[in-house]
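Everything on this sheet refers to the single structure shown next.
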2 protein chains.
Amino acid sequence: MKDNPKYQYMSTIMKAMAHPTRLFILDLLAEKEYCVCELQKKIGTDISTVSRHLAVLKNAGLISSRKVNNQVWYNLLCPCVLDFYNCLAKIKSKN
Amino acid sequence: MKDNPKYQYMSTIMKAMAHPTRLFILDLLAEKEYCVCELQKKIGTDISTVSRHLAVLKNAGLISSRKVNNQVWYNLLCPCVLDFYNCLAKIKSKN
DNA sequence: TTCCTATTTGGCAAAATATGCAAATATGTC
DNA sequence: GACATATTTGCATATTTTGCCAAATAGGAA
């Protein structure tokens, strides 16, 4: 029962969200579409790192991308994931 | 901005949930209180592993525990985390 | 073609996570 | 005290994740 595909599937998505930078990216994409280089400026890490974070989110089905000339624009697919922020805000973790 | 404590905090909680066994545990605790040995029977891994999963969830503030004699009973603190399941169910990941 | 900008990918090292076994701890019973 | 049951912790190992650099790829402009 613990290896129920339901939990495997959900943990893939939760894992994709379980990183400060990726949560920040989701928050940004909730406002508007961003290209990689704009996100890189906001985040401040190497652009290859940003690209990999985006790949993780896209692979989990949380965002989509479209290519315009030599830029790639990313969009949030499931704004409902942000509702979760309100729930988390109520939790007092010990960290 | 990416190391905003808000995102650090939220990622701790997401990370705690980002494991099939721990999602299963949260689902079980949504019904009723469980002690470690009962959870161990349902999950099937070593009891020390179950204990460690519970410690992760507790540390994130998702569950609480109370000791009765030589047993420890665990409770779900934030049933709202389960609402998230409905959101995730709409997402098609590539895994 | 050459050059330029934007993005992704390969490789690698460091850090974090997962898990089982054995040992330690806690609580109750005999 | 000795013993039994429930749980946690120490340790070792295996796996996964992260993040940078350099190289590869893609598209447009000169």
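Protein chains get the first letters and strands the later ones, always in sequence-line order, with residue 1 at the start of each.
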Protein-nucleotides 10-17 of chain D N/O pairs closer than 3.5 Å?
{"from": "D:dG10", "atom 1": "N7", "to": "B:Arg52", "atom 2": "NH2", "distance (Å)": "2.9"}
{"from": "D:dG10", "atom 1": "O6", "to": "B:Arg52", "atom 2": "NH1", "distance (Å)": "3.0"}

| With A:Leu76, which of A:Ile25, A:Asp27, A:Leu26 fulfils side chain to side chain contact (heavy atoms under 4.5 Å, CB included)? | A:Leu26
| B:Ser65 side chain to B:Lys58 side chain, donor-acceptor N/O pair below 3.5 angstrom | yes
| query | Quick one: does A:Phe84's side chain get under 4.5 Å of A:Val81's, heavy atoms only? | reply | no
| message | Return the OG to CD distance between B:Ser51 and B:Gln40, rounded to the nearest 0.5 Å. | response | 11.0 Å
| request: Considering just the side-chain nitrogens and oxygens of B:Ser51, establish if one lies under 4.0 Å of OP1 or OP2 belonging to D:dT8. | output: yes
| said: Check B:Cys78 against A:Cys87 for me: are their SG atoms closer than 2.5 Å? | reply: no
| said: For a quick check under 3.5 Å, do A:Asn75 and A:Tyr34 share a side-chain donor-acceptor pair by atom type? | reply: no
Can you tabulate the close N/O pairs, meaning under 3.5 Å, that link protein atoms to atoms of nucleotides 23-30 of chain C?
{"from": "C:dA26", "atom 1": "O3'", "to": "B:Lys67", "atom 2": "NZ", "distance (Å)": "3.4"}
{"from": "C:dG28", "atom 1": "OP1", "to": "B:Asn69", "atom 2": "OD1", "distance (Å)": "3.3"}

| task | Could you tell me the separation between the SG atom of A:Cys35 and the CZ atom of A:Arg66, rounded to the nearest 0.5 Å? | result | 10.5 Å
| said: In this structure, how many angstroms lie between the P atom of D:dT5 and the CD atom of B:Glu38, rounded? | reply: 17 Å
| task | Report the distance from atom CD1 of A:Ile25 to atom P of D:dT18, rounded to the nearest whole Å. | result | 11 Å
| request: Drop me the distance from A:Leu57's CG to A:Leu62's CG, to the nearest 0.5 angstrom. | output: 6.0 Å
| request: Scan A:Met14, A:His19, A:Arg22, A:Lys15 and name whichever one has a side chain to side chain contact (heavy atoms under 4.5 Å, CB included) with B:Met14. | output: A:Met14
| request: Please determine if a side-chain N or O atom of A:Thr45 lies less than 4.0 Å away from the OP1 or OP2 oxygen of D:dG19. | output: no
| message | In whole Å, I'd like the distance from the CD1 atom of B:Ile47 to the C1' atom of C:dG20. | response | 13 Å
| said: Assess the residue pair B:Asn4 and A:Phe24 against the criterion (side chain to side chain contact (heavy atoms under 4.5 Å, CB included)); give the C-alpha distance rounded to whole Å, side-chain angles, the decisive distance to 0.1 Å, and a yes or no. | reply: CA-CA 9 Å; B:Asn4 185 320; A:Phe24 180 40; over 6 Å; no
| Do any of residues 26-36 of chain B sit with a heavy atom less than 4.0 Å from DNA chain C, and if so which? | none
| Reckon B:Thr49 has a side-chain N or O less than 4.0 Å from the OP1 or OP2 of C:dA18? | no
| Which nucleotide, C:dA6, D:dG19, C:dC21, lies nearest any side-chain atom of A:Gln71? | C:dA6
| message | I need the CD-P distance between A:Gln8 and C:dA18, as an integer number of Å. | response | 13 Å
